[in-house]
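A quick note: this is a predicted structure, and the numbers were derived from the prediction, not measured. Just so we're on the same page: letters track the sequence lines, and every chain starts at 1.
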There are 2 protein chains.
Amino acid sequence: MEFQKRVVLIEDDRELRDCYKLMIKSVDKYLFINAYDSCEEAFANISKDRPEIILMDIQLSGKISGIEGTKYIKLKHPHIEVVIITVYDDSELVFEALRAGASGYLTKSYNYLELVNSLDELTKGGAPMSAKIARMVINNFHSNPNSPLSEREKDVLKLIAEGKSYSQIADLLFISKETSKTHIKNIYSKLQVNSKSEAIELAKSKRYI
Amino acid sequence: MEFQKRVVLIEDDRELRDCYKLMIKSVDKYLFINAYDSCEEAFANISKDRPEIILMDIQLSGKISGIEGTKYIKLKHPHIEVVIITVYDDSELVFEALRAGASGYLTKSYNYLELVNSLDELTKGGAPMSAKIARMVINNFHSNPNSPLSEREKDVLKLIAEGKSYSQIADLLFISKETSKTHIKNIYSKLQVNSKSEAIELAKSKRYI
DNA sequence: TTGTTATACCGCAAAATGGGGGATATGATC
DNA sequence: GATCATATCCCCCATTTTGCGGTATAACAA
């Protein structure tokens, strides 16, 4: 049937693989094409399988990790939606997977409804995420409301972080070069640092900007 | 009842206000405290109301916008969870709201289940988002797989964007200063620019890094 | 009244930058 | 086997930037 979404699964745990397979097969909207236990195998068959959605485990026994695999897929077949399924919710791993091009990130569960809802979310243009992941992703945006920097100083520091020089900042903010230098001196003194890189590092780690 | 979450609504459309009020009142888990049509009024009563969740419209008739209001709340009462409810899904507005400290972002709907599910998501530590918003947020992470830069060059450019000097980059990557200069020269030539700021600007706008 | 913010100026020595040149070694790709 | 991309390293040089030391004014808030 043409309206069905073609789904491929990459997961090296046999039990989980069978479980997901059953869940997907039971829904009309999705057409379960194949399951592989490594990216290598999946990629060898990708032209034949023509998946629209790939469910990808992140820790795989093969040479290619789920993150590397995601990068490869988005490079060669950008229209394919990759959803990560994993037990790991380490923040760096999550953000790496998203940077690699994943369209969703689910922490493993045998819950039937959760998986099907996630596929539905994806199909209607969403980005399925488990609750904890969603919070991590949102928190990534939050800036610290207790920044010691004034609004103007934040403006200046943001431009510093974009690689602008004092003179460029002056031009962009319609102030003199000396004023941008003064702002930067004040920023350094507030943050107790004495170079651009330290200021950027501290401000980013504490989310002052 | 102590287990109930205290909810305050800030919304200046009377019809929507009544609608949300009814929805929230109908669920045992949530205690509808009050509805206001401006941040000013809500803030005047915040110590009395002691809300744990604030549902906030983004375009308000008062002087304080929903985004300003969110900033204020997260500054003075960081434990309060703010969820934005709005008709607008302009990407800059969404990201501004999230940077301001919002824990969720819902595009308005009179759908009962959607609202209650969202509050439940929030309560269990998630970040409720409408499908389209979730995708916008995730897309914000995606890096361009067609970057002309090599992995090493990306490493170098990322450090440039952190304000590091050639010598600092050399130390961090365990290469000589001359090598970092060579990488940067190659980056400039690939991106057709000739300064740090141009390289950062172009690379960020095209998501090369 | 004191403090913060935003603006502006001067001088100076050290550091960084951007451009020019050239070099070697390792892979992959053709 | 030739070519290309990548990653590493070196030299020179003029110009700009940076960081630090000052000082100063005007607005506004606590």
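OP1 or OP2 of C/dT17 has not a single side-chain nitrogen or oxygen of B/Tyr188 nearer than 4.0 Å.
Ring geometry, B/Phe141 versus A/Phe141: the interplanar angle exceeds 60°, so the pair is classed perpendicular (tilted spans 30 to 60°).
Of the residues A/Ile64, A/Ile58, A/Ile54, A/Thr70, the one that meets the side chain to side chain contact (heavy atoms under 4.5 Å, CB included) test with A/Ile10 is A/Ile54. Only one option out of B/Lys190, B/His183, B/Lys158 pairs with B/Glu153 in a side-chain hydrogen bond (donor to acceptor under 3.5 Å, both in side chains); it is B/Lys190.
Between the P atom of D/dT16 and the NZ atom of B/Lys196 lies a distance of 16 Å, rounded to the nearest Å. Between the CD1 atom of A/Ile184 and the P atom of D/dC20 there is a distance of 11 Å, rounded to whole Å. Between the C1' atom of D/dT17 and the CG atom of B/Asn194 lies a distance of 16 Å, rounded to the nearest Å.
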Between protein and nucleotides 2-10 of chain C, map the contacts as a letter string: B base, S sugar-phosphate only, - none, heavy atoms under 4.0 Å, written 5' to 3'.
---SSBBBB
Please report the C-alpha distance between B/Tyr36 and B/Asp49 in whole Å, then the side-chain angles of each, then the deciding distance to 0.1 Å, and finally whether the side chain to side chain donor-acceptor pair (under 3.5 Å) criterion is met.
CA-CA 12 Å; B/Tyr36 303 96; B/Asp49 288 344; 2.5 Å; yes
Take B/Lys29 and B/Thr123, measure what side-chain contact (heavy atoms from CB on, under 4.5 Å) needs, and give me the verdict at the end.
CA-CA 10 Å; B/Lys29 274 182 284 187; B/Thr123 303; over 6 Å; no
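No side-chain donor from either of B/Glu68 and B/Ser65 sits under 3.5 Å from a side-chain acceptor of the other.
For A/Ser167, the listed nucleotide lying nearest its side chain is D/dT17; candidates were C/dG18, D/dT17, C/dA16.
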